[in-house]
Each structure stands twice: as C-alpha cells, then as structure tokens.
Amino acid sequence: MSPNDSVLCPLDSAKLISAHSKHVSICESGVLKTSELLFDSLKSKRYCIKVWKEHKLHPKKMNRETVDWIFLLDCLNFSFWVENDVPPWAVEFEGEVYHGYWALCAGINRALKEGIPITSPSFFAKVTSAQLQQIFRSETSTQMPLIDRRVEILNEAGKMINHNYHGSFAFMIEKCQNSALKLLQLITTSLKGFQDEGTFNNCRVSFYKRAQILIADIWACFEGKSWGQFDDIQVITMFADYKVPQALLYLGVLKYSQNLVEKLKRGDIIPPGDILELEIRGNSICSVDRIYQKVLSNAQNDDIFCEMKKQELAQCFNSVIIDFYLWDFAKEQVEKDVDHPPCHKTRTIFY
C-alpha cells in the first residue's frame, strides 16, 4: 500500500523498476552469498538492533526528547557529498572532527551542548538560513550543502508538528497505533519534504528513504519498545541512498552496465529522476528484499529460531537491520577500496 493510491509503494516500485532495468541487474549468486553472510552475523548476534545506539553520537536515552532528536536528524539526513577536489563539510565536537552523516549528528549534539534547542519543533519551525549555517558551521571552507532547502524542510516540519501534534513527533507516532505503515503514510502525506517519488515507465513510483529511515531509527533506538514498537516493521524496505548500493555492488549483489560504471568513475552528476538513478535505487530495494527473504527462510529452518512466530522473527530479521549492516560495511570496508567504483552523485533532498 502506498500513502498515495496513485503511487506504487517502495517495494512494488522496486519490483517494477528491476523488471525493466537496462543498466542495473541483480545477481542471485550475490544475493545468496550475502544472505548467508548476514544470517551468520545476525545469528551470532555480532550484529543486532542494539548496534544503532552503540554509535557514540547517537542518543542513548529512550525518552520523548530522543524521539524529537531523531525526527530532526532525519529531516536533515540527506546530501552530504562533495566534489573530489572540494574539502568535505566537517563538524568539530568534543575534540573530534566528523564528516557526512556523522557531522550532522555531531552538529546536533554540539548545538544542544551550547544551549540551542535545535531538536524542538518550536525552534526549528522558525529557524533561518543564517542560524542553521552557524549551528552546523564547518571546520573547512565547505558549508553544509543545500542549506536553504534544509531550512524549508525544517520550517514545514516544525509548523506541522506544532500545529497538529502538541510540539513533538512522539504524538504523531502515538496516533499510528504501533503501525510502521500507518506512520509512513502519515509522514509522506503530511510533509512535502518526505515525498520521495518519481516516474518510471509512465508509472508513479516511490522510495521514501528518509521517511522510512526515520521510522527505523526510532525502532532501533527504542529497541522495538515504547515509541519504537512497530508490529509491522517488516513492511519497511532498505533505504535507497548512496552507500548501500555501493556495498551491494561490491558484494556482487548488483551488477552495473559498463556505461554506468564509467560515469561513476568519472564522477558524473546523475540528476534526480534520471533512469540511472531510478534503476540504482529500485534494484537496491529489490535486492535487499530478496536477501531478507532468504535470511528469514534460513531463520525459519534453524533450530534456534524455528519455534518463533513469523512476526517475532521479523523483529530480529528485516530489511532495516540488513540496511544498517550494509551501510556500516560500506563505511568500514568498501570506502577503503580505491579500485571500487565510488557512489553515484545525485544532488537531492531525499537522500
């Protein structure tokens, strides 16, 4: 089901895109190999839901303030890449300098430490470009990208939460009765900044990367309890962005055409909505769903998990956990391989 009946949901969108792709394909041998790798990691608990809070910049407390911290995070969680000859946007916090997503986390924590109520919808409903640029000031000459678009998104989100949900995203969650799907529908129909959609083969398709990762981050931080209790968390797909497709390519799950590989190596900009971008994102979602189904099948046939109900298994094995694993894998291993094609470059507010 999609929040908009005229738009395919992310998984159906991905299946449509994958079935008609010309530049990106899914390799079943890579799916099988990666599913076995993931199942072993999940079974041995080397990787689990608790990993999210183990990152030192993520909040540890499970309270309403943390809900709003995550809401702010995923309002701004997009487009941190820079051109090869440009220094990265960098945030210093407590003696360390961070880049990309971690610079965003560090900037939020630095602002709170400085007494700026950055996570309050009442504050960011009125935040200006000058204020936001100062809050996320950089250690380099490169400032936070797309600052004006970020202000638009924050202003819209803050006003909507203040007007409809008593000034906290927690009340929006409570309205959805432990349903990730209902929350996804509410987010993507209420906020234009989360309406991550496009057109493929004359069909309206969706990816909803930031809306889905918002739900997933809350689920992970609250360990599936309290505001993080979503009984249908398995409806959430992977989050089609830059890093996870790169990991899937590295693992042999995805295969790119020579033309696409050459564009990546040259650092060509791929516009949002371009057929190449849609194929990368759609096949990423579709391939991770295939990995998830194989991991789930392995669990159902495993002595340790075979007596668990399917809904209980879905809380341990799902596309969210697989995405988190692949993103960390990309940051820790794939980025170090200078011979592997870099991520695609698309300047967009959606990822």
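We number each residue from 1, following the sequence as shown.
Ser168 and Asp68 are linked by a side-chain donor-acceptor pair at a separation below 3.5 angstrom, with hydrogens and angles left out of the test. Counting only N and O atoms by type, the side chains of Thr237 and Gln212 include a donor and acceptor under 3.5 Å apart. Using modelled atom types and a 3.5 Å distance limit, the side chains of Asn77 and Tyr351 yield no donor-acceptor pair. Side-chain contact annotation: Glu279 with Tyr256, donor-acceptor N/O pair under 3.5 Å absent. With 3.5 Å as the limit, one finds a donor-acceptor pair spanning the side chains of Glu174 and Trp227. Defined by atom type and a distance below 3.5 Å, a donor-acceptor pair is present between the side-chain atoms of Asp231 and Gln229. Neither side chain, Thr346 nor Thr348, offers a donor N or O lying under 3.5 Å from an acceptor on the other.
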Next on the checklist: Assess the residue pair Leu112 and Ile118 against the criterion (side chain to side chain contact (heavy atoms under 4.5 Å, CB included)); give the C-alpha distance rounded to whole Å, side-chain angles, the decisive distance to 0.1 Å, and a yes or no.
Outcome noted: CA-CA 7 Å; Leu112 291 172; Ile118 181 64; 3.9 Å; yes
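By the ring-ring contact (aromatic ring centres under 6.0 Å, His included) test, Phe171 pairs with His166, sequence neighbours left out.
By the 6.0 Å and 45° rule, Arg150 stacks over the aromatic ring of Phe78. In this structure, Arg281 satisfies the cation-pi test against Phe207, with its NZ or CZ atom closer than 6.0 Å to the six-membered ring centre and inside 45 degrees of the ring normal.
At least one side-chain heavy atom of His20 sits under 4.5 Å from a side-chain heavy atom of Phe200. Considering only heavy atoms from C-beta on, Val91 stays 4.5 Å or farther from Glu139 through its side chain. Residues Leu11 and Asp289 form a side-chain contact, since some pair of their non-hydrogen atoms from C-beta on lies under 4.5 Å apart. Using a 4.5 Å heavy-atom threshold, the side chains of Glu156 and Met160 count as separate.
Within 6.0 Å of NZ in Lys60 there are more than 12 heavy atoms belonging to other residues, nucleotides or ligands. Other residues, nucleotides and ligands contribute at most 12 non-hydrogen atoms within 6.0 Å of the NZ atom of Lys33. Within a 6.0 Å radius of NE2 in His55, other residues, nucleotides and ligands contribute more than 12 heavy atoms. By the neighbour-count criterion of 12 heavy atoms within 6.0 Å, atom NZ of Lys53 is densely surrounded, having more than that number from other residues, nucleotides or ligands.
Of the residues listed (Phe324, Tyr325, Phe329), the one engaging Tyr47 in a ring-ring contact (aromatic ring centres under 6.0 Å, His included) is Tyr325, and it is the only one.
Ring geometry, Phe124 versus Phe71: the interplanar angle falls from 30° to 60°, so the pair is classed tilted. The aromatic rings of Trp89 and Phe136 sit perpendicular to each other, their planes meeting at more than 60°, with 30° as the lower class boundary.
Using a 4.5 Å cut-off between side-chain heavy atoms of Ile, Leu, Val, Met, Phe, Trp and Tyr, Leu32 forms no hydrophobic cluster with any other residue.
Ionic pairing of Glu277 and Arg347 is not present here: no N-O contact between side-chain nitrogen and carboxylate oxygen is shorter than 4.0 angstrom. With respect to Arg149 and Glu152, a salt bridge is recorded, a charged nitrogen being found less than 4.0 Å from a carboxylate O. Of the charged side-chain nitrogens involved, at least one lies within less than 4.0 Å of a carboxylate oxygen, so that Glu335 and Lys331 count as a salt-bridged pair. Ion pairing between a basic and an acidic side chain is recognised when a charged N comes within 4.0 Å of a carboxylate O; Glu83 and Lys345 show such pairing.
Remark: the backbone N or O of Ser284 is paired with a side-chain donor or acceptor of Ser287 at under 3.5 angstrom. In this structure, Ser206 contributes its side chain and Tyr208 its backbone to no donor-acceptor pair below 3.5 Å.
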